[in-house]
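Working notes for the structure below.
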Amino acid sequence: MSDLTRLTIAEARKKLRGKEIKATELAEAYIAAIERANPVLNAYVAVTPDKARDMAKASDAKLMKGEGGALEGIPLGIKDLFATEGVHTQACSHVLDGFKPRYESTVSANLWADGAVMLGKLNMDEFAMGSSNETSYYGPVINPWRRSIAETTVMPTTHAGDGGFVSSGGAKTTRRYDNMQLVPGGSSGGSAAAVSSFLCAGATATDTGGSIRQPAALTGTVGIKPTYGRCSRWGIVAFASSLDQAGPLARDVRDAAIMLKSMASVDAKDTTSVDRPVPDYEAALGRSVRGMKVGIPREYRVDGMPSEIEALWQKGIAWLKDAGAEIVDISLPHTKYALPAYYIVAPAEASSNLARYDGVRYGLRVPGKDIVDMYEQTRAAGFGREVKRRIMIGTYVLSAGYYDAYYLQAQKVRTLIKRDFETAFDAGVDVILTPATPSAAFGVADQDMAADPVKMYLNDIFTVTVNMAGLPGIAVPAGLDAHGLPLGLQLIGKPFEEETLFQAGHVIEQAAGRFQPETWW
Amino acid sequence: MSVDIATVKRVARLARIAVSEDDALRMAGELNTILGFVEQLNEVDVTGVEPMTSVIPMAMKKRQDAVTDGDKAADIVANAPATDENFFLVPKVVE
């Protein structure tokens, strides 16, 4: 029997419905794969094999009767940011030590209602603050991709008798891998690594400044951040409420479409959940992009961008053009201000959202000499360095006398960023094509980034504008760099036009092919 | 605007995070780097621009003023570090 974990969601769905495989077999294959790989990759912070087996058994009972939901029997991983009833939910922070919620997030509840099977909780940057998964209390996730160089060796001529076969010589190309550990990106680093290393069929993720699309690009997976309001935020640990949005990480565009259909809903429990029906995203795949107007924003050609990223971008342009799309140059003049505005808005909202961790109602408590000392000691011990840094920035920019200079100014700039996109869309542009990240995966404990927090923040330079404007964005793998590491392209759409992203993303995927790491773990 | 150690301590107090002298010194450097980075926003002309309040134009949803949930005291305190008969226990706040 071939390895069941290699099946995409669409393939597994077909085999499950056709009764060729059982949901319990599929779940067991993943449980075994996690057991083997997780000590190396650290993608999961909690594995729930018993729950997976119970849910798979229930799926099999339904499938036997020809019943079952859209994801019946499909094993998924859940980012640790989503509340899962009775199961470890800590946003990978020490401050939520031991927290097991008595409720289920709307997004995960939607997945279970459609028959999905839960494998466990996935590693992430603490409170989703980071671009490398290194701020997790549970340690970094290792990217299943490794750097390699192509080596051509000339085969010597051998004769029957000594080696048992005859070869006439010739050149053989092999890839020599190095052992440097790479990050999977962040904050949804566990989700991206688990999907690309076949430790789940798909995963939930969240994106505040690029936390779905950047790790997707760094692991050769597909990730979509839908329009703000498309997925309910209820039961997702809040980071920056005006920017946070859930979405899937998947092996291909079709799987991402299947997952988003189940994750999205209209939810009375989230006042920003938008009241509009969820379309059948999968139906958008295969539709022609003939006549589609694709905008190429000149401001995304940033200083110091590697030539490989530029070349990848040009390839993407050529693919869409070949498929009949019309390419137009556009300008988004406030692009360079998105990242600095984000580093005011997001920490400001975070400092407010994270005020709830006080050692009283849940999680860690460190005793103090009085109640204020208890709060201060608890928060000092419970939050990691990056989280403290952002709470401090947020508190500072919101403090008396600074609000207008920082927060108000940033929110005004945000209006201008959104206006840039509106101007482009009003001029007839249907979708915008950009690189997803300024580089491929980098090393764990990178010295440059450790020394300067802003260097790490620059990872989100191409993705953060989309959150600031509330738009949908998808990252699709599009090629490999000189070291054999995956690179991604990003498509940005109009509000609630995720279907256009799946449609155009599928065209890129068809042209670029799919990318999978060689198994070493 | 440059942040000094005293400001870091004041902000840490507002944020209810205990900081040591070493923490404060390190944080001052980090905060100044980030504030230096966001400084470039000042060059944007925002005359007549409204601050963003919602990325998607929508009317605020209001739910019916009705009881839809409740009787969950045990669930609510289930994760608390210290409780007594469905109350959260904290150090004495009134002498």
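Sequence lines set the chain letters: A, B, ... in the order given, protein chains first and strands last, and positions in each chain run from 1. When reading the values below, keep in mind they use all heavy atoms of this one structure, side chains included, and skip hydrogens, waters and symmetry mates.
Neither the backbone nor the side chain of D373(A) comes within less than 4.5 Å of any heavy atom in chain B. Contacts between A410(A) and chain B at a heavy-atom distance below 4.5 Å involve backbone atoms as well as side-chain atoms. Both the backbone and the side chain of S273(A) come within less than 4.5 Å of a heavy atom in chain B. Residue V454(A) touches chain B through its side chain alone, counting heavy-atom pairs closer than 4.5 Å. For K369(A), no part lies under 4.5 angstrom from a heavy atom of chain B. Neither the backbone nor the side chain of L243(A) comes within less than 4.5 Å of any heavy atom of chain B. For a residue to count as touching a neighbouring chain, one of its non-hydrogen atoms must lie under 4.5 Å from one of that chain's; by this rule A469(A) touches chain B with the backbone only. Looking at M392(A), both its backbone and its side chain come within 4.5 Å of chain B, counting heavy atoms on both sides. Using a 4.5 Å cut-off between heavy atoms, F496(A) contacts chain B through its side chain alone, with no backbone atom that close. Interface remark: Y457(A) contributes side-chain atoms only to the contact with chain B (heavy atom separation under 4.5 Å). Neither the backbone nor the side chain of P347(A) has a heavy atom closer than 4.5 Å to any heavy atom of chain B.
Heavy-atom contacts from other residues, nucleotides or ligands closer than 6.0 Å to NZ of K61(B) number more than 12. Residue-environment remark: CZ (F87(B)) stays at or below the threshold of 12 foreign heavy atoms within 6.0 Å. Counting non-hydrogen atoms of other residues, nucleotides and ligands closer than 6.0 Å to CD of E43(B) gives a total above 12.
Formation of a donor-acceptor pair under 3.5 Å by the R379(A) side chain with backbone atoms of A15(B) is found in this model. The main-chain N or O of L41(B) is found under 3.5 Å from a side-chain atom of Q409(A) such that the two form a donor-acceptor pair. Remark: the backbone N or O of E50(B) is paired with a side-chain donor or acceptor of T415(A) at under 3.5 angstrom. Side-chain N or O atoms of N79(B) include one that pairs as donor or acceptor with a backbone N or O of K100(A) at under 3.5 Å.
In plain terms, the two heavy atoms of I56(B) and Y228(A) that are nearest each other are CG1-O, 3.5 Å. When all heavy atoms of P81(B) and G363(A) are compared, the pair lying nearest together is CG-O, 3.4 Å. Minimum interatomic distance between M58(B) and T271(A) (heavy atoms only, all atoms of both residues): SD-O, 4.0 Å. Taking every heavy atom of both residues into account, M52(B) and R414(A) meet most closely at CE-O, 3.6 Å. The heavy-atom pair separating Y337(A) from Q40(B) by the smallest distance is CE2-O, 3.5 Å.
For the set L14(B), T33(B), L31(B), the count of heavy-atom pairs under 4.5 angstrom toward chain A peaks at L31(B).
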Report task. Carefully, step by step, assess V413(A) and V49(B) under the rule side chain to side chain contact (heavy atoms under 4.5 Å, CB included). Result -> CA-CA 8 Å; V413(A) 171; V49(B) 177; over 6 Å; no
